[in-house]
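Below is one structure, written out as structure tokens, with a few remarks after it.
Sequence lines set the chain letters: A, B, ... in the order given, protein chains first and strands last, and positions in each chain run from 1. Worth saying up front: this structure is predicted, and the values here are computed from it rather than measured.
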There are 2 protein chains.
Amino acid sequence: MNSIKSILLKPNFYDTWTNVEIKGWIASNRGNKKIRFIEINDGSTISNLQTVFKGEKFDAEVLDQLKPGAAIIVKGTLIATPNSPQPIEMSVDELVSYKNVDDDYPIQSQEMKLETLRDLPHLRHRTTLLRAVMLIRSTLAQEVHKYFINNDFHYLNSPIITSNDGEGAGETFNVADSSSTDEFFGKGKKATLGVTGQLHGESYALGMNRIYTFGPTFRAERSNTKRHLAEFWMIEPEMAFYDLKDTINLADDMLKVVIRNTMAKHKKELKFLDSYTNNGLIERLKHFTETPLKIVEYTEALEKLAEVKDIFENKDIRYGLDLGSEHEKYLTEKVYNAPIAVINFPKDFKAFYMKQNDDNKSVASFDLLVPGIGELIGGSQRETDYNKIVKRVNELKIDQDDLQWYLDLRRFGQMMSSGFGIGFERLVMYVTGMDNIRDSIPYPRTTGNIRM
Amino acid sequence: MNSIKSILLKPNFYDTWTNVEIKGWIASNRGNKKIRFIEINDGSTISNLQTVFKGEKFDAEVLDQLKPGAAIIVKGTLIATPNSPQPIEMSVDELVSYKNVDDDYPIQSQEMKLETLRDLPHLRHRTTLLRAVMLIRSTLAQEVHKYFINNDFHYLNSPIITSNDGEGAGETFNVADSSSTDEFFGKGKKATLGVTGQLHGESYALGMNRIYTFGPTFRAERSNTKRHLAEFWMIEPEMAFYDLKDTINLADDMLKVVIRNTMAKHKKELKFLDSYTNNGLIERLKHFTETPLKIVEYTEALEKLAEVKDIFENKDIRYGLDLGSEHEKYLTEKVYNAPIAVINFPKDFKAFYMKQNDDNKSVASFDLLVPGIGELIGGSQRETDYNKIVKRVNELKIDQDDLQWYLDLRRFGQMMSSGFGIGFERLVMYVTGMDNIRDSIPYPRTTGNIRM
């Protein structure tokens, strides 16, 4: 079957092409008894194929009643139309089949508000805007897999239900059997939805060398903001024998390859989103893919911020500052005008598993910041010294028993290990320019919202 | 970096190759003060690289103390050894680094029982057996993604937390916020872990055309058998405009391509598993990939079974029989000696969403059965007639309100839609020959078991 995308991409289409079948859904329908123009979309691209019905063989009344959203199968001849907005249209020979929509079909216009569309997660991808976003989301995910396949990473499915809660912080969801008062996983056994796949990922990097997870993670945060989801997808690679710099290079290369390949596949969708969001989306993505990453020490970043501290809401620029979004954007956009990796943050606001540096106050961590959105990736080299990590766990009053299996990896051949995490919806927002994370995932879950 | 897999695969290795660095873990260590042989595994394959330490520059005592499981980095020269079991070994020039294991490292032998290893999900992939299984699992998952990418399917992330419980049958897990008595997703809102991604998948096939999910699904079944997991991964493609036969062809092609490609990449691992499981694993997989699928009517299958009904435990062979494992294996192994798709099952034991056939008693469904394991895939064409599906939902006393959004798809341009589901761990068992589903997933979750 020919997709509309493949038809419209045909670079040298001079002749006609007969007996082509198109299966899709009606985007628009206009005309009269003599001639009718029906635009069809088949889900392969946001672009529609214009089909032209002309002549006695068509029942004008049937055609007139077909509404946007209706399913339709047509056969016809493709014709080059070099002077029209679309280079190709179809002269229909046969209306093979159709199924109309009921009058209460909720997608009645392309101008519907995003808020309204969020009530319709089962239908909103049938608007041009959400179709563009969801096509790009799918391609981004597939390009992520391809990148790791091409670089000989093993794919790991970290468990979703777990008795570990990752960093020991944050709210977790509890999981329980509905049918009985007994605990499904054993008396007194904690069962939560995983907030990260990293700890289990480390166990597999130890022995498998280079792995990545790509799966759902959960946080029962009651923040109802444009940036929070209760259920979101994370990509978490973990590499034995990688130090901090190796890991930063991998993160940078992965992002650039994935975004470059996605841009090449979605020219139409990005052009549409660029125009919709109207603040230089394509320019920003191009700039990112073409600009080498700079590595910046946390202390150096502080100096740059201190020079202009009055412009920030949080002016308390000194060692120990957890960079806010305003600081991050200033650094990557104004100071360096490049993607940057800020490294060696103070250990106080970073996770217990990060490698402690010799200065005794910082950890071998990095945040990758990009112009336009700020932080996209966070990662670190892991602490592989058993005594150091146990001391840190106890300092932070994290339950050591729960984590003993993880801590023990240090005693069982973990020489060096590093990794990073990227929130997939955040990547989708960055590449599509969408402003609200609820529009970057098919069925968003947030506090107070579990539609369908 | 050169992986051991790529080194051992070098087809024409006659000369030496200097200054090669290997990073991995010690598989075995033998020798004396003058010469030492250390086998290293780096996670790229189950095969080890033999490294040879010879001469004054090495500290014999250090080398002697290195134990299996220890991390090690060496530099050396690769040398062809055509008369040895492995065609290549390394003459070590430099012991770059190492980190030994503690004495209580639990993987002390390759002969450990599978039951014992299940208590060590964070370490068991460091045995040859589980390494082979988990390498193949990773490749199978990656080949599944590649197959759908190459065939222009969009990847959909169906929601994990959902207010729908799929087929209305089976036990579901409830999800709740731990921190308060309020309901996180809204007062009185049901929140369960999804048992299938199909319903949401259908909503995206409508508009996106061809999608697939590949994500975790959950069932709170208290069956403690070799075939049940509480958390497992499902692949669920859904295609608009596909009928039953199109769907069967897709399922057959996907399986064959994925298995063929995985076999090509894991010759060593499959040879090991073939010998370990000792019942013709490779022969069976080859037979499957080379034998065309046969389509068999359910009624025809019944006739074949009735001819020999006395050999079955369940001898009640008549219309309405839900094929048991014994019947499935007999059909695919003895009658047809081929993969078969049994089609048009009685509606009484099939899901409400399957398309009702004109005979008024069967549905357009299929089970794909393969010699050696029985059912691998189940699927169907979907009922797209709104009135028929609503009638069926009410007959089965399923709550219509919960499903109204899904039923409404029929009124909004769903002309035809089909799909199937494959339990990924079942595929892993089939390809690796493992007998217990707990050994096909890194961190198995079953009733009474949530290790780590």
Side-chain angles (χ1 to χ4, degrees), chain A residues 3 23 25 42-43 69-71 99 101-102 105 122-123 125-126 135 138 141-142 145 149 152 154-157 159-161 163-164 171-179 184-186 189 191 200 203-204 207-209 216 220 231 233 241 405 411-413 415 442-443 445 447-450 452, chain B residues 3 23 25 42-44 69-71 99 101-102 105 122 125-126 135 138 141-142 145 149 152 154-157 159-161 163-164 171-179 184-186 189 191 200 203-204 207-209 216 220 231 233 241 405 411-413 415 442-443 445 447-450 452:
Chain A
S3 72
K23 303 172 177 185
W25 294 270
D42 70 353
K99 185 173 180 184
V101 292
D102 284 8
Y105 177 54
H122 60 317
L123 298 171
H125 58 280
R126 298 173 71 183
L135 286 174
S138 165
Q142 294 178 329
H145 277 292
I149 293 170
D152 291 331
H154 305 302
Y155 180 43
L156 171 71
N157 297 126
I160 310 301
I161 302 175
S163 52
N164 283 111
E171 295 295 338
T172 53
F173 286 108
N174 286 339
V175 176
D177 185 353
S178 57
S179 68
F184 183 88
F185 293 106
K189 285 276 177 66
H200 302 88
S203 77
Y204 261 66
M208 290 288 210
N209 223 323
E231 172 180 317
W233 287 66
F241 306 111
W405 68 273
R411 304 194 299 111
F412 298 151
M415 178 193 284
Y443 287 83
R445 271 70 177 103
T447 178
N449 169 23
I450 183 170
M452 294 151 200
Chain B
S3 71
K23 302 173 177 184
W25 295 270
D42 70 354
S44 62
K99 184 172 179 184
V101 292
D102 282 8
Y105 177 55
H122 60 317
H125 57 280
R126 298 172 71 182
L135 285 174
S138 166
Q142 293 178 329
H145 277 292
I149 293 170
D152 291 331
H154 306 301
Y155 179 41
L156 171 71
N157 296 127
I160 310 301
I161 303 175
S163 52
N164 283 111
E171 296 295 339
T172 54
F173 286 108
N174 287 339
V175 176
D177 186 353
S178 58
S179 68
F184 183 88
F185 292 105
K189 285 276 178 68
H200 302 88
S203 77
Y204 261 66
M208 290 287 210
N209 222 324
E231 172 179 318
W233 287 65
F241 307 111
W405 69 274
R411 303 193 300 109
F412 299 151
M415 179 194 284
Y443 287 83
R445 270 70 178 105
T447 179
N449 168 24
I450 184 171
M452 294 153 200

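Of the listed residues A:Ala141, A:Gly413, A:Gly69, the one with more heavy-atom pairs under 4.5 angstrom with chain B than any other is A:Gly413. The candidate with the highest count of non-hydrogen atom pairs below 4.5 Å against chain B, out of A:Trp25, A:Phe173, A:Trp233, is A:Trp25. Counting heavy-atom pairs closer than 4.5 Å to chain A, the top-ranked of the candidates B:Gly43, B:Pro442, B:Gly207, B:Gly448 is B:Gly207. Note on B:Asn449, B:Leu156, B:Thr447, B:Asp152: by heavy-atom pairs under 4.5 Å with chain A, the leading option is B:Thr447. Chain A forms more heavy-atom pairs under 4.5 Å with one residue of B:Ser138, B:Gly186, B:Ala191 than with any other, namely B:Ser138.
Using a 4.5 Å cut-off between heavy atoms, B:Trp405 contacts chain A through both its backbone and its side chain. For a residue to count as touching a neighbouring chain, one of its non-hydrogen atoms must lie under 4.5 Å from one of that chain's; by this rule B:Asn157 touches chain A with backbone and side chain alike. Residue B:His145 touches chain A through its side chain alone, counting heavy-atom pairs closer than 4.5 Å. Both the backbone and the side chain of B:Gln142 have a heavy atom closer than 4.5 Å to some heavy atom of chain A. Within the 4.5 angstrom heavy-atom criterion, only side-chain atoms of B:Arg126, from C-beta onward, approach chain A.
You'll find the side chain of B:His154 stays beyond 4.5 Å of the side chain of B:Tyr204, heavy atoms only. For the pair A:Pro216 and A:Ile160, the minimum side-chain heavy-atom distance is below 4.5 Å. Put simply, the side chain of A:Leu135 reaches to within 4.5 Å of the side chain of B:Met208, judged on heavy atoms.
At distances below 3.5 Å, at least one donor-acceptor pair connects side-chain atoms of B:His125 with backbone N or O atoms of A:Ser203. At distances below 3.5 Å, not a single donor-acceptor pair connects side-chain atoms of A:Arg445 with backbone N or O atoms of B:Pro159. Side chain of B:Asn209 to main chain of A:Asp42: a donor-acceptor pair is present (N/O by atom type, distance under 3.5 Å, no hydrogens or angles).
Going from atom CZ of A:Phe184 over to atom CD1 of B:Ile450 covers 10.0 Å, rounded to the nearest 0.5 Å.
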